[in-house]
Amino acid sequence: MSTSSPRAGESGLSQPALHVLLAAPRGFCAGVDRAIQIVELALAKFGAPVYVRHEIVHNRYVVESLKAKGAVFVEELNEIPETAQPVVFSAHGVPKSVPQAARFRNLFAIDATCPLVFKVHMEASRHYAEGRNIVLIGHAGHPEVEGTTGQLPPGAVTLIESQADAERFEPEDPARLAYVTQTTLSVDDTAGIVAILKRRFPSIIGPHKEDICYATTNRQAAVKAIAGKVGLVLVVGAPNSSNSLRLVEVAERAGCPRALLIQRAADIPWQAFEGITAVGVTAGASAPETLVEEVIEALRGRYRITVEQVTTANESIAFNVPRELREPAA
Ligand code: SF4
């Protein structure tokens, strides 16, 4: 833990005091960092445009800054003209049909799927090859769920979103079942769903250590550590960012009366600060630190703040970018 006082001259004594607890780890994970690097390196090596299928990571600020450098975002490959320029697949992973379609069109594809999502794809494929029905614990419509489901033929994967789904699930062959999970789920909710599946289907096979990634786990643990000490938690992240949404839920369940998702400082709901003397701040895995700094500066503009960082884990994970981007241009 570390504490810093208000910077001299920046927070007047007439302003009300506010203690800010900053959760750590927060913000960018290794998979997001790698995906952004991939687009930036592709732009540097091959020039603009670099096409990106889906938001490379779920954050408008990141997407807009890459657009300004020459990235062109599309939802599907059929929006891309005939081109020799690269097309990057987002960190969330893609169904198998997408690289197949890219090969068919001779597109130059670079895959920014997070290695931890890729690991889940491999697990699901292995279970399928061994003749098991696959349960995927996750949220319908999320691109990661579509990508994982799309590794296997239609009907091979059953999506379970809740404990009620797990209670209702009637597999074809209860003796040949395996589960995998989305990487950005609530650790506690997922444990509840897995417990039901294991009770109902004792021979179900799962990952040795759950598929929820280190970054999701660490950010949830960090927000839990501050949630009971503040009257309000601000989670910096995007409304379509699964791990940011989970941080809001985790903060409230861990004892904070109110947790709110904001995309950046302009969204701070100042009316929610009524009677608040301590606020928690964290950020989802796709939110850059610059947006957290912007929030802290906005708080400093209205309050005499003291900032205390509460660190529950130190992260040193980094992933290599694909080989074609490590090699110098021909
Ligand atoms: Fe990879 Fe986890 Fe980051 Fe998703 S949240 S990109 S799985 S490290």
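Counting starts at 1 for both ligands and their atoms, following the listed order. All heavy atoms count here, side chains included; hydrogens, waters and symmetry mates do not.
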Check: Got His121 and Thr148 here, is their nearest side-chain heavy-atom distance under 4.5 Å?
Finding: yes
Margin query: Does anything in residues 225-262 form a ring pair (Phe, Tyr, Trp, His ring centres under 6.0 Å)? List the pairs, not counting sequence neighbours.
Written below: none
Notebook entry, point to check: Once the angle between the rings of His58 and His54 is folded into 0 to 90°, is it parallel (under 30°), tilted (30 to 60°) or perpendicular (over 60°)?
Noted result: perpendicular
Name each donor-acceptor pair under 3.5 Å that joins a side chain in residues 190-201 to protein atoms two or more places apart or in another chain, with its distance.
residue: Thr190; atom: OG1; partner: Ser186; partner atom: O; Å: 2.7
residue: Arg199; atom: NH2; partner: Glu167; partner atom: OE1; Å: 3.3
residue: Arg199; atom: NH2; partner: Glu167; partner atom: OE2; Å: 2.5
residue: Arg200; atom: NH1; partner: Ala166; partner atom: O; Å: 2.6
residue: Arg200; atom: NH1; partner: Glu167; partner atom: O; Å: 2.8
residue: Arg200; atom: NH1; partner: Phe169; partner atom: O; Å: 2.9
residue: Arg200; atom: NH2; partner: Phe169; partner atom: O; Å: 3.0
residue: Arg200; atom: NH2; partner: Glu170; partner atom: OE2; Å: 3.3

Check: Would Val310 end up clustered with Val223 when hydrophobic side chains under 4.5 Å apart are linked, directly or stepwise?
Finding: yes
Item checked: Number of protein N/O/S atoms that sit closer than 2.8 Å to atom 2 (Fe) of ligand 1 -> 1
Let me have the donor-acceptor pairs involving side chains of residues 312-319, under 3.5 Å, with sequence neighbours excluded, atom names and distances please.
residue: Thr312; atom: OG1; partner: Ala24; partner atom: O; Å: 3.4
residue: Glu315; atom: OE1; partner: Arg219; partner atom: NH2; Å: 3.0
residue: Glu315; atom: OE2; partner: Asn218; partner atom: ND2; Å: 2.8
residue: Glu315; atom: OE2; partner: Arg219; partner atom: NH1; Å: 2.8

